[in-house]
Amino acid sequence: MPELPEVETMRRGIAHLAGLRIEGVSFPRHTARPIVTQPAPACLRRRLAGRTIAAVHRFGKRVAIELDVAPRDAGGWLVIEPRMTGLMLVADPPSPAHVRMELRLASRRHPRLIFWDRRGLGTIRLLDAASLAAACGPARLGPDGLAVTADQLGGHLGRSRRAIKVALLDQRAVAGIGNIYAAEILFAAAVDPRAPCRRLRLGDWERIAAATRSILAAAVALEGSSIGDETYRTADNRSGRFQLQHRVYGRAGAACRECGAPIVRIVQGQRSTFFCRGCQWQPRR
DNA sequence: CGTTCAACCTGGGCGC
DNA sequence: TGCGCCCAGGTTGAAC
């Protein structure tokens, strides 16, 4: 679920909590295996209680809550990675059973912040500045998708033999693109997802970079994509609306809105790729 | 260097 | 109704 637009919407939906003090922390649900936290929940609870939210940031597909200065460096960054089904919520969760962490806040209007995760693949980590730099710095995350340039994309991927669709999911090349937006970006750029990166020319990279910025920005403006029933929700429990703009993702067999040809689904890197054979082209050699 | 596979989890949808 | 499969927005590490 959460790719850059959804995580950015989460960030915006909880940014107003800056300035509030964390009064208590609970980890209510333990199923077969609890989600990954670092450090362990009991220790995390001690280190978070009493601290104040300074600001809320986003690094790629991660939400990073900056805390006030730690008394004895307890780590100043609470980094949450929603993975497939994680949500940051100030509203009631879709189901109480999958609340993984609840921060109780010193505010009557905003009494809590919840991390909810049905599948439980998400992670919660409290990091110091050095660990944050290692986890979210340029070695791990490339330029943000909202601002990536053709030079950056082509420079990083231009000599790769990988298919462009697979390469766009590489977070070191560009941060924030996931399976939905990779498909939508390549449709907007009119590039065949199977095209090897090394075959792409400058004009292709320019269209891909421009489509990356514009598709992600449009999706942020519509608060992300909500597909199916129990799926992505904003922090105050509303649906995103960008799914109404999808041109290829999830539309296998349906007619392309541009040319009428059927959208096809293939598998690349063990994940579904959707594209239109009529509108998306391999570069000519 | 690149690809493939399994693993981590829960739940919806489908065919039989 | 139930069972067994396939599918799902992500990431990581091992094996080849």
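Residue numbers begin at 1 in each chain, while the letters A, B, ... track the order of the sequences. Please read these numbers as outputs of a predicted model, since none were measured by experiment.
Spacing between B:dT10 and C:dT1 at atom P, rounded to whole Å, works out to 24 Å. One P atom belongs to B:dC9, the other to C:dG13, and the distance between them is 16 Å to the nearest Å. Comparing the same atom, P, in B:dC5 and in C:dC7 gives a spacing of 13 Å after rounding to whole Å.
For A:Arg198 and B:dG2, the CZ to C1' distance is 12 Å, given to the nearest whole Å. Atom pair A:Arg162:CZ and B:dT3:P shows a separation of 6 Å (rounding to whole Å applied). Between A:Lys61 atom NZ and C:dT11 atom C1' there is a gap of 9 Å when expressed in whole angstrom units. Whole-Å rounding puts the A:Asp117 CG to B:dG11 P distance at 11 Å. The distance between atom CZ of A:Arg172 and atom C1' of B:dC1, rounded to the nearest whole Å, is 11 Å. Separating the CE atom of A:Met10 from the C1' atom of C:dG10 is a distance of 12 Å, rounded to the nearest angstrom. Rounded to an integer number of Å, the gap from A:Leu121 CG to B:dA7 C1' is 10 Å. Between the CG atom of A:Asp170 and the P atom of C:dT11 there is a distance of 10 Å, given to the nearest Å.
No more than 12 heavy-atom neighbours from other residues, nucleotides or ligands sit within 6.0 angstrom of CZ on A:Arg201.
Nucleic acid contact for A:Arg159: none, since no nucleic acid atom lies under 4.0 Å from a heavy atom of the residue. As judged by a 4.0 angstrom heavy-atom cut-off over every strand, A:Ser272 is placed among residues touching the sugar-phosphate backbone only. A:Gly120 comes within 4.0 angstrom of no nucleic acid atom, judged by non-hydrogen atoms across all strands. Counting any heavy atom pair closer than 4.0 Å across all strands shown, A:Glu6 reaches no nucleic acid atom.
Ring geometry for A:His57 against A:Phe59 counts as parallel: the plane angle stays under 30°, on a 0 to 90° scale with 60° as the upper cut.
Contact annotation: A:Ser160 side-chain N/O to B:dG2 OP1/OP2 distance is under 4.0 Å. Contact annotation: A:His98 side-chain N/O to B:dC9 OP1/OP2 distance is not under 4.0 Å. Contact annotation: A:Arg118 side-chain N/O to B:dC8 OP1/OP2 distance is not under 4.0 Å.
With respect to A:Arg213 and A:Asp144, no salt bridge is recorded, no charged nitrogen being found less than 4.0 Å from a carboxylate O. Using a cutoff of 4.0 Å between basic side-chain nitrogens and carboxylate oxygens, A:Arg58 and A:Glu8 are scored as salt-bridged. With respect to the salt-bridge test (charged N to carboxylate O, under 4.0 angstrom), the residues A:Arg238 and A:Asp236 qualify. Ion pairing between a basic and an acidic side chain is recognised when a charged N comes within 4.0 Å of a carboxylate O; A:Asp170 and A:Arg162 show such pairing. Taking 4.0 Å as the cut-off between side-chain N and carboxylate O, A:Arg21 and A:Asp68 do not count as a salt-bridged pair.
Against DNA chain C, the stretch residues 237-247 of chain A makes no heavy-atom approach under 4.0 Å.
A side-chain N or O of A:Thr273 and one of A:Gln268 form a donor-acceptor pair less than 3.5 Å apart. Side chains of A:Arg233 and A:Ser239: a donor on one and an acceptor on the other come within 3.5 Å. Side chains of A:Ser95 and A:Trp116: a donor on one and an acceptor on the other come within 3.5 Å.
Of the two residues contacting DNA chain C, namely A:Arg62 and A:Asn179, the nearest-nucleotide position lying further toward the 5' end is that of A:Asn179.
Side chain of A:Glu3, nearest nucleotide from C:dG10, C:dT12, C:dA8: C:dG10. For A:Gln270, counting side-chain heavy atoms from C-beta on, the closest listed nucleotide (C:dC7, B:dT4, C:dG10) is B:dT4. Of the candidates B:dT4, C:dT11, C:dA8, C:dT11 carries the atom nearest the A:Arg83 side chain, counting heavy atoms from C-beta on.
A donor-acceptor contact under 3.5 Å links the side chain of A:Arg119 to the base of C:dA8.
Annotation: side-chain hydrogen bond (donor to acceptor under 3.5 Å, both in side chains) contacts of A:Arg241 (sequence neighbours excluded): A:Glu223.
DNA chain B forms stems at B:2-8 with C:10-16, B:10-16 with C:2-8, each a run of 3 or more consecutive Watson-Crick or G-U wobble pairs whose two key distances fall under 3.5 Å.
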